[in-house]
Protein chains: 2
Amino acid sequence: MADVAQLAGVSSQTVSRVSNGFPGVTEDTRAQVLAAMRELGYRPNSAARALRRGEFRTLGVITFSLSTMGNIRTLEAIATSAAEHGYAVTLLPVAVPTQDEVNGAFSRLGELAVDAVIVIMEIHLLDAATVSLPPGVQVVVADSDAGDRYTVVDTDQAGGARDAVRHLLDLGHDTVWHLAGPEGSFAAQRRANAWRTTLTGAGRTPPPLVRGDWSAASGYRAGLLLADEPECTAVFAANDQMALGLLRALHERGRRVPDDISVVGFDDIPESASFLPPLTTIHQDFAEVGRLCVEGVLSKMRQDGVEHGTTTLVPTRLVRRASTAAPRPGR
Amino acid sequence: MADVAQLAGVSSQTVSRVSNGFPGVTEDTRAQVLAAMRELGYRPNSAARALRRGEFRTLGVITFSLSTMGNIRTLEAIATSAAEHGYAVTLLPVAVPTQDEVNGAFSRLGELAVDAVIVIMEIHLLDAATVSLPPGVQVVVADSDAGDRYTVVDTDQAGGARDAVRHLLDLGHDTVWHLAGPEGSFAAQRRANAWRTTLTGAGRTPPPLVRGDWSAASGYRAGLLLADEPECTAVFAANDQMALGLLRALHERGRRVPDDISVVGFDDIPESASFLPPLTTIHQDFAEVGRLCVEGVLSKMRQDGVEHGTTTLVPTRLVRRASTAAPRPGR
DNA sequence: CTAGGCAATGTTTACGTAAACATCCACTGG
DNA sequence: CCAGTGGATGTTTACGTAAACATTGCCTAG
């Protein structure tokens, strides 16, 4: 910076003003400084800048692996949205979702150059962890059910599940079976709860719940069971991958979709439009979730307010494809 | 830090030594300092540290959206591997893969707190861009064909494609059709080239090449064409998504897989084991690619050497599933 | 014509850390 | 008993930036 100042014949402070786009610099001076910057290939040193300003213009994102498409899309939206606000995004992968690992990530975070944190993770892993965060670092949680301890942004899981079940009931099915996600997952839990209450709310009896682990393989195993249930004409799978495995099992067992059984998924992954048959599913707006995470955390930073427990739900949308139809009147 | 020093009754330099695990501090003193740190909730300021040390312990990753599973898995491996080396990872999303956008990302990078850069991107977008990088910032490129200008780590695309084609020939197919990725992609290009040379090398005539855009929808369209080719008994799709669309089209047209037509994919995405039928495909080791990217860039930083053009290929593995079989003798 | 005001620019300083150098002290060997 | 040695700790300084304050000089109103 001193070199630039000397070359341009001004003080370093003027260089700083130009570099930060501050007013109070003549057009001529500004041009001269810019020319000197270019000539010397000057780049502001972000470490010094951060030290002086007391902020890094960086958000940390903690996520338990990038295994699910939803987390990835959310992450991408976070990165894009952060960039629009002039913030960079630093990734903190957590290899295994154990309390120890999460604690480790948080303590690494403490030494990291980060102004705020977005956590994409089930909340129960978080509870004991936040204590080790430096004071003043705000946290927003996605993909979780945080109650009043954190600010949360998430897809409206319950609303989506309700729409899925209603869609099948509207088509004329007596009841809807549910292929749920793993017990430990709040998303799975909320989808299952909404499935149950929607059914009972409509005066139907919920069939026994079938459980998978989000993977297509588990959906396949579940499908082999469901294929043998003669009463089953409609299934709501808690995600598209399990729906994929389900479709394969039903096909192998000679149960036609949607003629014999209708299937609805959740997520609307890009591939689901090409399943056999194309999958009716609940579309999640991950981009919006990511955007709201960033805006939420930035606004928390600005206000410095400590309002806890705001929860923002992002609505879903039912995408109708060929995997659902009215039950055959014959049966 | 000064507070900690005072509380522990030592100088700030001793605190620094403890904080960095340097030798030359008595066990007693160290314990006292650590106690003071805990009591005051001291965290080293990473901005000041970076300023003083001249390094950020951070790697930048530039990638054109996280749209493909491969990029995502590579990114994840990079983040994990970087963490093991004590480095953080900062994400630089590029919204649209235009020269302007890439240039923008690189110039933002210039002001970013980053010691080195890993680029997950087709190389041709890179050519004009690197000039704006600060000197001394090393670059490693993944998912690309960079010749001698950059250090490259990538999957052995050609080897994988060769294995796919040979597998089909070994099963007894006369020739193999190819559903290629978009023209702009080097990965697609290399897979297509290897397909062609493997066929001609085995004395077969390559059928006309069919082109998709990586998406399942494009695979579906291509499948509708291929279903009408009576000569076609084996298809090598350049990725699993297109193979998925292909399977749907063939199924709709009544061509059975693998009885009438064998299909091989590329990538081995998690879902491919649950396709109808489960897909034979080429498994890519993205984790290894990511790991090698990190190691490569770190070793380049250490040596400060300017050896250009090292290319490391990560081998693939053929995963045999139900979508391939010998051609029916009848026909 | 001059005081006052304001815009443009310069000077000083502090941010938190760690390298380089300085100091202190206990112990060893002659 | 003393010089020498080396380990433990303290002191000084610089990293690059930007806020706060200081200075300059020009313009305008009275």
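Chain letters run A, B, ... following the sequence lines, proteins first, then strands; residues in each count from 1. The figures that follow rest on heavy atoms only: side chains count, while hydrogens, waters and symmetry mates do not.
Along DNA chain D, the nucleotide closest to A:S19 and the one closest to B:P23 are compared, and the more 5′ of them pairs with B:P23.
Listed for the B:S81 side chain is no donor-acceptor partner under 3.5 Å among the backbone atoms of B:I78. Checked by atom type and distance alone, the side chain of B:S185 pairs as donor or acceptor with a backbone atom of B:A187 at under 3.5 Å.
Within the 4.0 Å cut-off from OP1 or OP2 of C:dA8, not a single side-chain nitrogen or oxygen of A:T14 is found. Note on B:N45: every side-chain N or O is 4.0 Å or more away from OP1 and OP2 of C:dC15.
Side-chain contact annotation: B:R49 with B:S19, donor-acceptor N/O pair under 3.5 Å present. Side-chain contact, A:R17 with A:T29: no donor N or O sits under 3.5 Å from an acceptor N or O.
Here the nucleotide nearest the side chain of A:T26, chosen from C:dA8, D:dG16, D:dT17, is C:dA8. Proximity note for B:S11 (side chain, C-beta onward) versus D:dG10, C:dT17, C:dG10: the nearest is D:dG10.
In this structure, B:Y42 places its OH atom 8 Å from C1' of C:dG16, rounding to the nearest Å. The CD atom of B:Q6 sits 13 Å away from the P atom of D:dT11 (whole-angstrom rounding). What separates CE of A:M1 from C1' of D:dC15 is a distance of 13 Å, to the nearest Å. As rounded to whole Å, 11 Å separates atom P of C:dG16 from atom CZ of A:F56. One atom, CZ of A:R57, and another, C1' of D:dT17, lie 15 Å apart when rounded to the nearest Å. Rounded to a whole Å, the CD atom of A:E27 is 16 Å from the P atom of C:dA7. Computed from coordinates, the A:L51 CG to D:dT17 C1' distance equals 8 Å when rounded to whole Å.
At a threshold of 4.0 angstrom between heavy atoms, the contacts of B:T29 are confined to the sugar-phosphate backbone, with no base atom among them.
Taking CD1 from B:I120 and CZ from B:F286, the interatomic distance works out to 10.5 Å, rounded to the nearest 0.5 Å.
Taking 4.0 Å as the cut-off between side-chain N and carboxylate O, A:R73 and A:E76 do not count as a salt-bridged pair.
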For a side chain to side chain contact (heavy atoms under 4.5 Å, CB included) check, start with the C-alpha distance between B:R190 and B:D154, then their side-chain angles and the critical distance, and finish with the verdict. CA-CA 12 Å; B:R190 272 172 299 166; B:D154 200 2; 3.2 Å; yes
Kindly give the atom pairs (protein nitrogen or oxygen, nucleotide nitrogen or oxygen) under 3.5 Å for nucleotides 19-23 of chain C.
from: C:dA19; atom 1: N6; to: B:Q13; atom 2: OE1; distance (Å): 2.8

